[in-house]
Amino acid sequence: LDSPSAYMRLLAFLTGQHRLRFPKQGAQLPVIAEEEVEPMFLPANAIASSRPGDVEKTKRPGASASQGTFERAKEAAHFIEAQTALRPRIALLLGAAFDSIADQLTDATTVRYETIPHFPCADSSSRAGRLVIGKLADVPLAVLCGRLHYYEGLGLDAVVFPIRILARMGICSIVITSAAGGVNPAFTPGSLVVLSDHINLLGSNPMIGPQDERLGSRFADMSEVYKQRYREIGLSSADNLGLSLAGGVFAGLTGPSYE
């Protein structure tokens, strides 16, 4: 950004001066076969705490000090897999507004966060949190109800640790919901937005720390963090259901305030 005009053009882009419009289509919703599922979440590899003073808290403190992130995530994954015969490849990470979706799963098994080895402990989210594995429309899913937050005093390595567990379970795609504030004046409370990208304004990064190649590359490909194909399916489905769905870019801030 070498000039004020370039800066203003960037701001205009980020605030989204236009909303996506799609023509009406038939009532038939698109279906993704399980074998067509493609990886979409970032490789995970942070081990050390991401900011000086951050402390990783766990409900089960008996882990050996020599255990790294990979070993702890693998042990947690084995514990979860022992509770169910289902082996989902798709996960949902739901905020409180949507966690009732988990109640619609059939053949469901519920695992409380506090029972999972090495699962980070924060405030109410981890005490009330649960992982539900079951089927929705006959598709096996792993549903995380309740998320961990950076502002609860956890390091970013702890915040992303549940995703590392899912990766060890063979999950290759994840859908994340979030209630967030917005700076686009066209948005109203309750507006639905599908993300095309994000900007990390946390001042830290979960990729910081010793490198473990088993967890993936430190330098993740950021050119398509949110799968274009999945976004198109979401937009098309919303249109068929008569829902207004805008596009946007997520700004990652520490919270807990809506900056």
Side-chain angles (χ1 to χ4, degrees), residues 39-81 91-95 111-131 142 144-178 180 198-222 225-226 250-256:
M40 73 177 288
F41 61 79
L42 295 179
N45 70 327
I47 296 176
S49 182
S50 299
R51 176 185 287 182
D54 284 345
V55 178
E56 179 179 337
K57 306 173 186 178
T58 63
K59 275 285 188 183
R60 302 168 63 89
S64 167
S66 63
Q67 276 190 306
T69 298
F70 182 88
E71 288 78 16
R72 290 186 287 115
K74 186 175 181 180
E75 182 179 341
H78 286 169
F79 173 83
I80 295 167
E81 290 174 331
L92 306 179
L93 175 53
L94 305 176
V111 184
R112 308 297 303 184
Y113 285 174
E114 65 265 24
T115 68
I116 301 173
H118 315 299
F119 202 94
C121 168
D123 296 332
S124 58
S125 59
S126 56
R127 288 196 295 270
R130 57 188 172 133
L131 167 63
L144 288 166
C145 300
R147 60 163 54 94
L148 303 170
H149 301 93
Y150 191 34
Y151 60 75
E152 293 174 300
L154 298 170
L156 288 182
D157 55 326
V159 173
V160 302
F161 188 71
I163 307 301
R164 305 192 196 284
I165 296 175
L166 294 177
R168 304 284 74 76
M169 292 169 56
I171 299 294
C172 64
S173 293
I174 184 168
V175 177
I176 301 174
T177 70
S178 175
H198 70 255
I199 301 173
N200 181 0
L201 300 176
L202 297 173
S204 188
N205 193 303
M207 300 297 190
I208 294 173
Q211 171 69 1
D212 186 339
E213 293 295 338
R214 296 172 297 175
L215 293 170
S217 170
R218 180 195 305 278
F219 304 104
D221 181 2
M222 301 296 291
V225 179
Y226 304 93
F250 188 82
L253 299 157
T254 63

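Values reported hereafter were calculated over all heavy atoms of this structure, with side chains retained and with hydrogens, waters and symmetry mates removed. Treat the numbers as computed from the prediction; the structure is a model and nothing was measured.
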Check the pair Asp212, Thr69 against side chain to side chain contact (heavy atoms under 4.5 Å, CB included), reporting the backbone distance first and the verdict last.
-> CA-CA 9 Å; Asp212 186 339; Thr69 298; over 6 Å; no
Given the rule in the side chain to side chain contact (heavy atoms under 4.5 Å, CB included) test, do Phe79 and Val111 qualify, once you have shown the distances and angles that lead to the verdict?
-> CA-CA 10 Å; Phe79 173 83; Val111 184; 4.0 Å; yes
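The heavy-atom pair separating Pro162 from Phe119 by the smallest distance is CG-CZ, 3.6 Å. Of all heavy-atom pairs between Ala158 and Pro120, the closest is O-CG, 3.3 Å. Of all heavy-atom pairs between Met207 and Asn205, the closest is N-OD1, 2.8 Å. Between Ala77 and Met169 the shortest heavy-atom distance is CB-CG, 3.6 Å. Shortest non-hydrogen contact noted between Arg147 and Ile176 is NH2-CG2, 3.4 Å. The minimum heavy-atom distance between Ser173 and Ile171, with the atom names listed, is O-CG2, 3.4 Å.
Arg168 places none of its side-chain heavy atoms less than 4.5 Å from the side chain of Arg72.
Of the possible polar contacts, none joining the Asp157 side chain to the Phe161 backbone as a donor-acceptor pair under 3.5 Å is found. Remark: side-chain polar atoms of Glu114 are not paired, donor with acceptor, to backbone N or O of Arg130 under 3.5 angstrom. Looking only at distances, no side-chain donor or acceptor of Tyr150 sits under 3.5 Å from a matching main-chain atom of Leu202.
Salt bridge present: Glu71 and Arg214 bring a charged side-chain N and a carboxylate O closer than 4.0 Å.
Here the CD-CD distance, from Gln67 to Glu75, works out to 5.5 Å after rounding to the nearest 0.5 Å. Thr177 contributes atom OG1, which lies 6.5 Å from atom CG of Leu93 (distance to the nearest 0.5 angstrom). Taking CG from Leu156 and OG1 from Thr254, the interatomic distance works out to 10.0 Å, rounded to the nearest 0.5 Å. For the atom pair Leu154 CG and Cys121 SG, the distance stands at 8.0 Å (nearest 0.5 Å).
With sequence neighbours excluded, the residues forming a side-chain contact (heavy atoms from CB on, under 4.5 Å) with Ala180 are Ser178, Phe250, listed by chain and number. Ala76 meets the side-chain contact (heavy atoms from CB on, under 4.5 Å) test with Ile116, Ile165; sequence neighbours excluded.
In this pair, Tyr226 and His198 present their aromatic rings perpendicular. The plane angle is above 60°, beyond the 30 to 60° band.
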